[in-house]
Amino acid sequence: MAKKGKTAINPTREENYPAWYQQIIKAADMAENSDVRGCMVIKPWGYSIWENIQKSLDEMFKETGHVNAYFPLFIPKSFFEKEAEHVEGFAKECAVVTHSRLEDDGKGGLKPAGKLTEELIIRPTSETIIGASFSKWINSYRDLPLLINQWANVVRWELRTRLFLRTTEFLWQEGHTAHETKEEAITETFKILDIYARFAEEFLAIPVIKGKKTESEKFPGAVSTYTFEAMMQDKKALQAGTSHFLGQNFAKASDIKYQGKDGKEEFVWTSSWGVSTRLIGALIMAHADDNGLVLPPKIAPAQIAIIPIYRNDEQQKEVLNFIDKLRNKIKPLRYFENKIRIELDDRDPTGGEKVWHWIKKGIPIRLEIGPRDIQHNSVFMGRRDKNPNEKESVNVDEFINNLTEILDEIQNNIFQKALKFREKNIVKIDDKAEFYKFFTPQNKKNPEIHGGFAFSQWCENPDCEEQIKTDLKVSIRCIPLDSTKEEGKCIYCGNKSNKRVIFAKSY
RNA sequence: CGGGAUGUAGCGCAGUUCGGUAGCGCGUUCGGUUCGGGACCGAGAGGUCGCAGGUUCAAAUCCUGUCAUCCCGACCA
């Protein structure tokens, strides 16, 4: 009989959250560390999730008038130096290309040669090089707005990396837009933030809080940064993506000017925005449980795994035949305009191992189909939003008829569960001592999962923000956009304050 | 980049104190029995013990260096 422990993933979230996270990725076979420090290999199951993210977001960008383009991986150092704050923010984590070829070093190895006259930076983000193109492309107000997106890889030489959450090289999209007026650029910034938030909630099933970053947390070179923050199951906040209003900072740095209707030359107003493979990390930490990954149907590489059950060749033929017919019935169905993807697991039939294999991979629906089901024209269904042992026999026609609703239900259940978790762990705190207690673990040596989001008053003094960060490692994640004015006292200094912000530990 | 921990078969680990040439569970391969909750029996394959030096007749084990991973800190999508 089964020799397994209580959970498929060990350690559990409660026992050791960071180790649990690594195990989820391993068990679902999503990615692994590469031979290059800090870089990951994204394996098919993980990459497929990224492809689905790309597909959905790309559609949303295009629906709102954006077009894709591609800019170089390399940025001349001089371009990069143009925006002072930008340099300061990114200089410490830039990979620099200094040579263009390799030569025999006379010891059986190779040495770099062909020193470049100007060093090239591998893009950590592309504001500057895209700005250079924009300045050529834009002449007149008729050229505006310019709404460009690129899907690319970027490199940030991080000192501490974690699969998906922070890697030296990562995949993302970066939107860059130029507008005639400040208002238009700001509208764009919010429009994208809304798209991101909608995508996170409707596709990734992750509830998010939209908000503005404080001065200390904003993007280097931006006038203002907007973020959408999600709560992970260890109650920490994850910045899932950002949208920046850049004012005319980069327009001035890259000399992006247009001639207005009045004939006068003006600098454009720009925005930039991005989400990355970090979203996959968010997906894992928002939904996965102690039995493995949990995938919302809309973003899953496949929605259904079919496990055939049989004893002999004759039964195998019969079962596979039945499955084939089932697949043909599913084929014309569409789930959010997409085909429903099915994985048939016809490896050698070995008991329930295959069932657990798919549970760990987070597949939304598992179907076990054997002779007994064929007899009753039914399928044996397990759902990832329910306990692994909660399985039910469903009539085939009923299953087909209800399939999209079932997927919807799973999608919704996953979202609701995450939402409930967040609501439970977001607390209004107005007392300083309580605030400190909230963010201090009971067990100092081996901190348990604690804290959450504290929705507290802040007087807008950066010193208060800084002190809290020093004391508790808690930062202001954002000033929620829907945070209404409310008279109160700053949680740190007690001075008059008129709004609440989200405090949390973060990734 | 600073502090701590860990590197032994695909995965999880023992062996290191006290040096003697590598083992367990899972997985994997083959044969058979099985098959509706992680099957069983039998027979195999698989490791220059992270890497490089050093000490020694002899190193997974002792010493030095180095690399990687994980955790904490500083920094960040």
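All values derive from a computational prediction rather than experimental measurement. A, B, ... follow the sequence lines: proteins, then strands. Residue 1 opens every chain.
A/L279 comes within 4.0 angstrom of no nucleic acid atom, judged by non-hydrogen atoms across all strands. Within the 4.0 angstrom heavy-atom criterion, no nucleotide atom of any strand lies near A/F90. Note on A/Q239: only backbone sugar-phosphate atoms sit closer than 4.0 angstrom, heavy atoms only; bases stay farther off. Contact annotation for A/K391: base contact, defined as any heavy-atom pair under 4.0 Å involving a base atom. Among the protein residues, A/E390 comes within range of the nucleic acid bases, having at least one heavy atom under 4.0 Å from a base atom. At the heavy-atom level, A/G274 lies nowhere under 4.0 Å from the strands shown. A/K360 comes within contact range of at least one nucleobase, with a heavy-atom separation under 4.0 Å.
Residues A/F61 and A/W273 place their aromatic rings such that the two centres sit under 6.0 Å apart. Within the 6.0 Å centre-distance limit, the rings of A/F503 and A/F435 are counted as a close aromatic pair.
Spacing of C1' atoms, B/rC26 relative to B/rA9, comes out at 12 Å, to the nearest Å. Taking atom C1' in both B/rC49 and B/rA59, the straight-line distance is 11 Å, to the nearest Å. The same atom, P, is picked in B/rA45 and in B/rU61; the two are 27 Å apart, to the nearest Å. For the P atoms, the distance linking B/rG7 with B/rC51 amounts to 14 Å, nearest Å. Nucleotides B/rG50 and B/rG42 have their P atoms positioned 32 Å apart, rounded to a whole Å. Across B/rG10 and B/rG4, the matching P atoms stand 31 Å from one another, rounded to whole Å. Atom name C1', nucleotides B/rG20 and B/rC11: the rounded distance is 30 Å, in whole Å. Going from the C1' atom of B/rU16 to that of B/rC63 covers 14 Å, rounded to whole Å.
Near-neighbour residues of RNA chain B inside residues 28-56 of chain A, defined by a heavy atom below 4.0 Å, number-ordered: A/N33, A/R37, A/G38. Shown for residues 375-384 of chain A: residues whose heavy atoms fall under 4.0 angstrom of RNA chain B, namely A/F380.
As the counterpart of B/rG7, B/rC67 is assigned, both hydrogen-bonding distances of the Watson-Crick or G-U wobble pattern falling under 3.5 Å. In this structure B/rU48 sits in no base pair that meets the Watson-Crick or G-U test at under 3.5 Å. Pairing of B/rA22, defined by two Watson-Crick or G-U wobble distances under 3.5 Å, is not identified with any nucleotide. Nucleotide B/rG2 forms a pair with B/rC72, judged by Watson-Crick or G-U wobble geometry with both contacts under 3.5 Å. In this entry B/rU16 has no Watson-Crick or G-U wobble partner, no candidate having both defining distances under 3.5 Å. Partner assigned to B/rU61 is none, using Watson-Crick or G-U wobble distances below 3.5 angstrom. B/rA39 and B/rU33 make up a base pair, with Watson-Crick or G-U wobble contacts both under 3.5 Å.
A/S271 and A/T177 are linked by a side-chain donor-acceptor pair at a separation below 3.5 angstrom, with hydrogens and angles left out of the test.
Checking the phosphate oxygens (OP1, OP2) of B/rG10, no side-chain nitrogen or oxygen of A/K26 falls inside 4.0 Å. A sub-4.0 Å separation between OP1 or OP2 of B/rC71 and a side-chain N or O of A/R162 is present. For A/R166, no side-chain nitrogen or oxygen approaches OP1 or OP2 of B/rC76 to under 4.0 Å.
Under a 4.0 Å N-O distance rule, the pair A/R477/A/E217 qualifies as a salt bridge. In this structure, A/D313 does not pair ionically with A/K317, as no charged nitrogen and carboxylate oxygen lie closer than 4.0 Å.
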Extract all donor-acceptor atom pairs below 3.5 Å that involve side chains of residues 83-96 of chain A and protein atoms in other chains or at least two apart in sequence.
unit_1 : atom_1 : unit_2 : atom_2 : d
A/E83  : OE1    : A/E85  : N      : 3.1
A/E83  : OE1    : A/H86  : N      : 2.9
A/E85  : OE1    : A/G221 : N      : 3.4
A/H86  : ND1    : A/P220 : O      : 3.2

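A straight line from CZ of A/R372 to P of B/rC35 spans 11 Å, rounded to a whole angstrom. Atoms CG (A/L165) and P (B/rC70) sit 11 Å apart, rounded to a whole Å. The NZ-P distance, from A/K354 to B/rG36, rounds to 11 Å in whole Å. Protein atom NZ of A/K473 is 15 Å distant from nucleotide atom C1' of B/rC75, rounded to whole Å.
Along RNA chain B, the nucleotide nearest to A/A19 and the one nearest to A/I374 differ in position, and the one closer to the 5' end is contacted by A/I374. Looking at which nucleotide of RNA chain B each of A/F219 and A/H357 is closest to, the 5′-most match is held by A/H357.
Here the side chain of A/R278 is nearest to one of B/rC76, B/rG36, B/rC71, namely B/rC76. Checked against B/rC1, B/rG36, B/rC75, the side chain of A/E368 finds its nearest nucleotide in B/rG36.
Both geometric conditions, a ring-centre gap below 5.5 Å and a plane tilt below 30°, are fulfilled for A/F170 over the base of B/rA77.
Looking at A/K218 and A/V223, their side chains never come closer than 4.5 Å, going by heavy atoms from C-beta outward.
Considering every non-hydrogen atom in both A/P480 and A/I502, the closest pair reads CG-CG1, 3.6 Å. Smallest separation of non-hydrogen atoms from A/A185 and A/W269: CB-CB, 3.7 Å.
A side-chain contact (heavy atoms from CB on, under 4.5 Å) with A/I369 is found for exactly one of A/L326, A/I307, A/L320, A/V396, namely A/L326. With A/D289 as the fixed residue, the salt bridge (Lys or Arg N to Asp or Glu O under 4.0 Å) test singles out one of A/R13, A/R384, A/K360: A/R384.
Taking the ring centre of A/F380 as origin, the terminal cationic atom of A/K391 falls outside the region bounded by 6.0 Å and 45° from the ring axis.
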